[in-house]
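Working notes for the structure below.
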Amino acid sequence: MSNFAEDDAFEAAASGSLSARAMAARPAPYLDDLNPAQRAAVEALDGPVLMLAGAGTGKTKALTTRIAHLLNSGKARPNEILAVTFTNKAAREMKERVAKLLGQTVEGMPWLGTFHAICVKLLRRHAELVGLKSNFTILDTDDQIRLLKQLIVAANIDEKRWPPRMLSGIIDNWKNRAWTPDKVPAAEAAAFNQRGTELYAQYQARLKELNAVDFGDLLLHVLTIFQTHSDVLAQYQRWFRYVLVDEYQDTNVAQYLWLRLLAQGHRNICCVGDDDQSIYGWRGAEVGNILRFEKDFPGATVIRLEQNYRSTPHILAAASRVIDANEGRLGKTLWTDKNDGEKVRLIGHWDGEEEARWIGEELEAMQGGTRGQRPMNLDECAILVRASHQMRAFEDRFLTIGLPYRVIGGPRFYERMEIRDAMAYFRVACSPDDDLAFERIVNTPKRGAGDKAQQTMQRAARANGVSLLEGARLCVSAGELTGKAKGQVGALVEQFDRWHAKALDPKQNHIELAEQILDDSGYTTMWQNDKTPEAPGRLENLKELVKALENFENLQGFLEHVALIMDNETDDGGAKVSIMTLHGAKGLEFPAVFLPGWEDGLFPSQRSMDESGLKGLEEERRLAYVGITRAEELCTISFAANRRVYGQWQSALPSRFIDELPEDHVEVLTPPGLYGGGYGAAGMGGGSTIVDRAADANVYNSPGWKRLQARQSTRGMSQPQESRNMTIDSTAVSAYTQGDRVFHTKFGYGYVMGIEGDKLDIEFEKAGSKKVVAKFVVAADRADDVPF
DNA sequence: ACGAAGGGATTTTTT
DNA sequence: ATCCCTTCGT
């Protein structure tokens with residue numbers, strides 16, 4: 001599929017515009033732009049280097065300057081540098097910045113890219129060594145899951161017990177650890193009753209039949225090649241004089257082994273990362289990789305970038321204190337020469353809706369500068385949430401008040417159903433052997449080919465050892481399909497013959513062909529006739545897809561790229577506040593950042609703690625660190641006492657991370673709201689140092705707050721600090737028994753029906769059945785003591 | 001073969 | 001609450 005002869009990396013560089021010799025004599029003005037640490041990191045070209053780059057310390061600048069310096073000093077030619085990133089975005093940015101530094105386009109840096117993109121390039125060259133053809137196709141998650149599902153069903157395994165999604169997760173996990181089916185440790189295999197490894201092996205076999213790989217295979221196959229063909233490995237070890245790795249803390253075991261093998265040639269490896277920003281443990285990242293770098297590469301130079309150019313001292317202090325609670329850090333001390341600016345703001349709310357309302361009002365005020373500081377543009381502001389379901393409250397609110405917003409992250413362009421369908425048509429047109437693609441669209445639009453018809457085709461294909469498309473053809477000519485399917489599938493097969501011929505024809509305009517495929521197949525018509533509200537949008541997307549084809553020579557080239565470049569930059573301009581997850585915000589920065597939802601259970605996420613214990617909690621804490629350090633000038637943290645989760649009202653305590661904030665750098669805001677303020681925060685204040693202090697300082701000197709404190713002492717409840725463990729205070733829960741009549745400020749009176757973990761199951765007279773943290777109700781006979 | 005209704009789950013995300 | 005997927009009924 002790819003004609004990589006064209007970009008054959010070893011060849012390309014020699015003719016590139018950057019001849020090593022020509023560059024050698026050049027001065028290095030870019031060095032003057034660096035601080036001493038950055039400069040040291042750039043100039044330590046030889047030997048292993050670990051660059052510990054804290055948030056906002058100019059990591060990318062150091063990294064790109066280092067590449068420029070390598071080239072400029074004649075140490076390496078562009079194609080002798082291996083520079084890996086995790087995302088296409090990072091790779092793109094790096095290319096652009098290197099080019100800018102050198103004042104010219106960098107041609108021939110073929111080995112600057114994502115792990116996956118580089119592995120595709122390597123694997124296409126050596127595919128036969130792992131039993132593949134070099135035109136293998138790359139399956140995405142969707143294809144992967146459909147394939148696994150087939151295998152599960154075929155093996156007669158209960159889908160409920162072994163959901164394809166779960167199996168795919170297990171297999172990915174194994175691949176992240178560089179375990180091929182035969183290398184899965186016995187203990188691990190036993191944990192899944194041997195069935196897991198069986199299915200894994202079957203899956204790999206099936207992939208080979210399909211001449212396909214999934215994302216994990218890209219790395220794993222190349223690793224296998226390196227491990228089993230020392231000649232091939234040696235060739236690359238020799239070739240890559242310098243190796244650079246971005247976001248090293250995010251590497252998994254497979255990537256680590258891959259890098260270690262390649263770097264063994266010249267031992268010039270420079271890893272850049274920040275252990276405090278390791279937030280991808282759940283998908284296989286090993287912080288350990290960065291922690292033991294010096295052991296792996298004895299004599300390594302370790303350079304710390306600690307001067308922060310992004311945030312004010314207050315923000316930095318808050319972030320530093322929070323992350324300080326983590327164990328086993330490599331340790332950095334971020335500093336800045338910026339002026340103090342505003343303290344980190346902390347505010348509690350009664351519920352999630354009020355929180356959204358308040359942030360909306362803040363954003364409006366900040367735009368006009370009415371809030372007392374410089375006017376801010378909406379696109380200078382961001383709301384960073386822990387989980388995407390939190391976004392909805394903001395979207396709802398911002399829609400009602402007409403505040404422009406942009407959700408970053410969501411489903412990506414190439415993951416949308418209509419795009420994948422269209423691509424499946426293109427895939428079959430280009431490679432009629434692509435069974436998964438054919439299967440996807442054979443009955444889309446409806447062609448009367450349901451389960452039964454498809455099984456017939458599958459059987460025919462298997463029996464004759466041909467592709468599904470050929471199987472379909474056989475069924476049609478043998479009259480094995482029922483009336484409706486017979487005609488329409490027959491027509492489809494003929495259409496694919498025509499389209500395939502055109503796809504191979506160099507004179508054929510590929511854009512016209514794409515349009516023709518979508519129209520003649522009835523796919524466009526299907527959406528035109530669809531009256532659901534999203535249909536027009538889907539047609540729009542299809543138009544965009546066709547437009548994207550302009551950038552490519554042919555359909556094949558397009559498909560090749562899209563497999564790896566699944567991101568979409570649909571920046572339609574216009575000032576909008578960004579809403580995204582904390583994960584999505586890594587690497588970004590905003591003058592003003594809102595961090596809502598800081599409640600125990602939500603953030604830190606209960607699930608994370610349940611599944612990974614202290615390790616999970618520490619990763620959550622790093623997430624908090626990432627969140628705070630995104631802010632340049634203004635950082636606002638908030639929490640809500642009540643929130644609707646899965647349709648049920650739930651109460652929660654403020655996040656333990658709030659206790660970890662340094663009070664000197666935090667300003668506690670009084671929420672607007674009923675009863676003279678202090679509503680949410682007072683109700684929530686239970687264990688927060690901040691709020692306690694605030695109360696002392698009369699910030700929370702509301703009657704309600706005082707009464708709450710009085711109530712807590714009279715009832716002899718455990719002090720919240722003591723209860724701040726992995727499990728929430730159970731003393732309070734045990735203060736009640738079934739049948740107790742209780743009062744809740746929001747839901748009114750009710751009876752305790754049962755106790756579930758840390759929550760009381762209460763049947764409220766007006767509000768129905770709810771699960772509530774005991775702290776938020778009082779015995780009905782004490783209802784007068786309720787501080788609101 | 002296809003649409004409606006019921007059941008279960010629901011962190012985070014790249015390639 | 002909502003979404004997705006399976007099952008059931010036509």
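Computed from a predicted model, the values in this text were never measured in an experiment. The chains referred to below are lettered A, B, ... by the order of the sequence lines, with proteins before strands, and numbering in each begins at 1.
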Review point. In whole Å, what is the span from the CG atom of A:D143 to the P atom of B:dT15?
Key: 17 Å

Exercise for review: Let me have a per-nucleotide readout for nucleotides 3-13 of chain B, 5' to 3', with B, S or -, counting only protein heavy atoms under 4.0 Å.
Suggested key: S------BBBB

Check your understanding: Closest nucleotide of DNA chain B for A:H116 versus for A:N443: which of these residues is on the 5' side?
Key -> A:N443

Exercise for review: Give a yes or no on whether a salt bridge exists between A:E355 and A:R643, defined as a side-chain N under 4.0 angstrom from a carboxylate O.
Suggested key: yes

Practice item. Would you indicate what A:D214 reaches in the nucleic acid, counting non-hydrogen atoms under 4.0 angstrom: base, sugar-phosphate, or nothing? Key: nothing

Check your understanding: Considering residues at least two apart in sequence or located in another chain, which fulfil the ring-ring contact (aromatic ring centres under 6.0 Å, His included) criterion with A:H389?
Key -> none

Practice item. Please identify each residue that fulfils salt bridge (charged side-chain N to carboxylate O under 4.0 Å, His left out) with A:E618, with sequence neighbours left out. Key: none

Taking N or O atoms only and anything under 3.5 Å, show me the protein contacts with nucleotides 2-4 of chain C, one pair per line.
none

Exercise for review: Using atom CD of A:Q648 as one end and atom P of C:dA1 as the other, report the distance to the nearest whole Å.
Suggested key: 8 Å

Study note, to complete from the structure: So salt bridge (charged side-chain N to carboxylate O under 4.0 Å, His left out) across residues 385-397 of chain A, not counting sequence neighbours, yields A:R386-A:E620

Practice item. Measure from CG on A:D396 to C1' on C:dA1 and round the result to the nearest Å. Key: 11 Å

Check your understanding: What integer distance in Å separates A:K175:NZ from B:dT15:C1'?
Key -> 13 Å

Got a list of protein N/O to nucleotides 8-10 of chain C N/O distances below 3.5 Å?
none

Practice item. Sequence neighbours left out, what passes salt bridge (charged side-chain N to carboxylate O under 4.0 Å, His left out) with A:E439? Give chain and number order. Key: none

Study note, to complete from the structure: Taken to the nearest whole Å, CZ/A:R644 to P/C:dA1 is 6 Å

**Study point:** Length of the OH-C1' vector between A:Y414 and B:dT14, whole Å
**Key:** 16 Å

Check your understanding: Using a cut-off of less than 4.0 Å, is there contact between a side-chain N or O of A:N88 and OP1 or OP2 of B:dT15?
Key -> yes

Review point. Looking at residues at least two apart in the chain, or sitting in another chain, which of them share a ring-ring contact (aromatic ring centres under 6.0 Å, His included) with A:Y256?
Key: none

Study note, to complete from the structure: Of A:K452 and A:T87, the one whose closest nucleotide on DNA chain B sits nearer the 5' end is A:K452

Check your understanding: Got a salt bridge between A:R420 and A:D142, using NZ or NE/NH1/NH2 to carboxylate O under 4.0 Å?
Key -> yes

Exercise for review: Could you state the atom-to-atom distance from CH2 of A:W258 to P of B:dT15 in whole Å?
Suggested key: 16 Å

Can I get a per-line list of side-chain donor-acceptor pairs under 3.5 Å for residues 449-457 of chain A, giving both atom names and the distance, sequence neighbours left out?
residue	atom	partner	partner atom	Å
A:Q454	NE2	A:A449	O	3.3
A:T456	OG1	A:K452	O	2.9

Practice item. State which residues pass ring-ring contact (aromatic ring centres under 6.0 Å, His included) with A:W282; sequence neighbours excluded, sorted by chain then number. Key: A:Y280, A:H583

**Study point:** A:I157: side-chain contact (heavy atoms from CB on, under 4.5 Å) partners, not counting sequence neighbours
**Key:** A:I152, A:A155, A:W162, A:R195, A:L199

Practice item. With sequence neighbours excluded, tell me which residues meet ring-ring contact (aromatic ring centres under 6.0 Å, His included) with A:F426. Key: none

